[in-house]
Amino acid sequence: MQRGKRTLSALKKHGRVVVHHAGSTDHNSNHETLAAHLKATNLGYHYTVDDDAVFKSKAAGSDGRWTFKQQAPLTDIVWGATGCNEHGIHVSIDGNSITTGVTDDEKTCLVQIIVAIFQQMGWTKKDLWRIVTHQYVGLHISYTKYFTECPGPPIINWMPECIRRVGTYLPD
């Protein structure tokens with residue numbers, strides 16, 4: 001599958017971090033299973049969060065059972081959300097948050113990934129508006145307005161807290 005390319009300078013200027021859930025039925029899959037799911041469904045994310053793989057770190061959540069994997073370079077345009085693929089940095093939490101929710105460890109990992117992206121792009125607290133969900137993209141950014149349940153109420157309702165937490169790591 002051939003992906004389009006973009007420059008990091010264009011991404012720094014126009015980019016957004018788009019939060020998803022993978023929609024996979026196996027909430028306890030590993031990154032390889034998730035990669036196969038993404039290929040089969042023609043979806044794409046730059047990063048995936050998986051709380052099933054054991055990853056011990058001081059930065060880990062309360063049980064240390066989350067990890068993430070970069071599925072594509074940031075210079076790749078992936079198909080994560082119609083209307084925000086060219087300028088989107090897509091981050092997905094494994095599973096379907098509508099039916100299975102999201103763990104505290106996955107939330108911690110998501111915050112850390114977004115902080116790392118912001119630091120790489122040179123974005124500050126003034127750029128927190130760049131954090132959106134797939135659902136927001138469909139309803140407000142895409143020129144072909146559409147509704148999606150992704151990433152589901154547990155993540156949608158938590159996004160203000162996520163943005164607040166990301167902001168605590170950023171310069172003014």
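Numbers for residues simply follow the sequence, beginning at 1.
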Q: Kindly work out whether a path of hydrophobic side-chain contacts (I/L/V/M/F/W/Y, heavy atoms less than 4.5 Å apart) joins Ile93 to Ile163.
A: yes
Q) Any side-chain heavy atom of Val115 within less than 4.5 Å of one from Val111? A) yes
Q: Give the cluster check for Val132 versus Ile89: same hydrophobic cluster or not, with ILVMFWY residues linked at side-chain heavy-atom distances below 4.5 Å.
A: no
Q) What is the ring orientation for His14 with His87, classed by angle as parallel under 30°, tilted 30 to 60°, or perpendicular over 60°? A) tilted
Q.
For the CZ atom of Arg165 and the CG atom of Leu110, what is their distance to the nearest 0.5 Å?
A. 9.0 Å
Q) Between atom OG1 of Thr108 and atom CD1 of Ile113, what is the distance when rounded to the nearest 0.5 Å? A) 11.0 Å
Q.
For a quick test of reading the model, state the closest non-hydrogen atom pair linking Arg16 to Cys84 and the distance between them.
A. CD-SG, 4.1 Å
(Q) Could you check whether Tyr169 and Gln119, counting side-chain N and O atoms only, form a donor-acceptor pair closer than 3.5 Å? (A) no
Q.
Does any part of the side chain of Trp123, heavy atoms only, come nearer than 4.5 Å to the side chain of Val17, both counted from C-beta?
A. yes
(Q) To the nearest 0.5 Å, what is the distance between CG on Leu74 and NZ on Lys12? (A) 10.5 Å
**Q.** Pairwise distance CE(Met121) to CG(Asp127) - rounded to 0.5 angstrom
**A.** 11.5 Å
Q | Modelled atom types, side-chain donor and acceptor of Gln135 and Thr148, under 3.5 Å | A | no
Q) If you draw a 6.0 Å radius around NZ in Lys126, do more than 12 non-hydrogen atoms from other residues or ligands fall strictly inside? A) no
Q. Any salt bridge between Lys5 and Asp76, counting N to O under 4.0 Å?
A. yes
(Q) Would you compute the distance between atom CG of Leu170 and atom OG1 of Thr124 and round it to the nearest 0.5 angstrom? (A) 7.0 Å
Q) How far does CD1 of Ile114 sit from SG of Cys109, to the nearest 0.5 angstrom? A) 10.0 Å
Q: Give the minimum heavy-atom separation between Cys150 and His21, together with the two atoms involved.
A: SG-N, 3.5 Å
(Q) How close do Gly167 and Lys125 get, counting heavy atoms only, and between which atoms? (A) O-CE, 2.8 Å
Q | Flag side-chain contact, heavy atom, 4.5 Å: Val19 against Tyr136 | A | no
Q: Answer yes or no: is there a side-chain heavy-atom contact under 4.5 Å between Val18 and Thr133?
A: no
Q.
How about CD on Glu86, more than 12 heavy atoms from neighbouring residues, nucleotides or ligands closer than 6.0 Å, or not?
A. no
Q. Considering only heavy atoms from C-beta outward, does the side chain of Leu139 approach that of Tyr146 to under 4.5 Å?
A. no
(Q) If you count heavy atoms of other groups shown closer than 6.0 angstrom to NZ of Lys145, is the number above 12? (A) yes
Q: Look at the side-chain heavy atoms of Ile, Leu, Val, Met, Phe, Trp and Tyr, link any pair under 4.5 Å apart, and say whether Phe118 and Val49 land in one connected group.
A: yes
**Q.** Geometric class of the His46/His90 ring pair [parallel <30°, tilted 30-60°, perpendicular >60°]
**A.** parallel
**Q.** Lys107 side chain near Val102 side chain, heavy-atom distance below 4.5 Å
**A.** yes
Q. Does Glu161 reach the main-chain N or O of Trp158 with its side chain, forming a donor-acceptor pair under 3.5 Å?
A. no
Q: Compare all side-chain heavy atoms of Val78 with those of Asn85 and state whether any distance is below 4.5 angstrom.
A: no
Q | Residue pair Leu128 / Val166, side-chain heavy-atom distance below 4.5 Å | A | yes
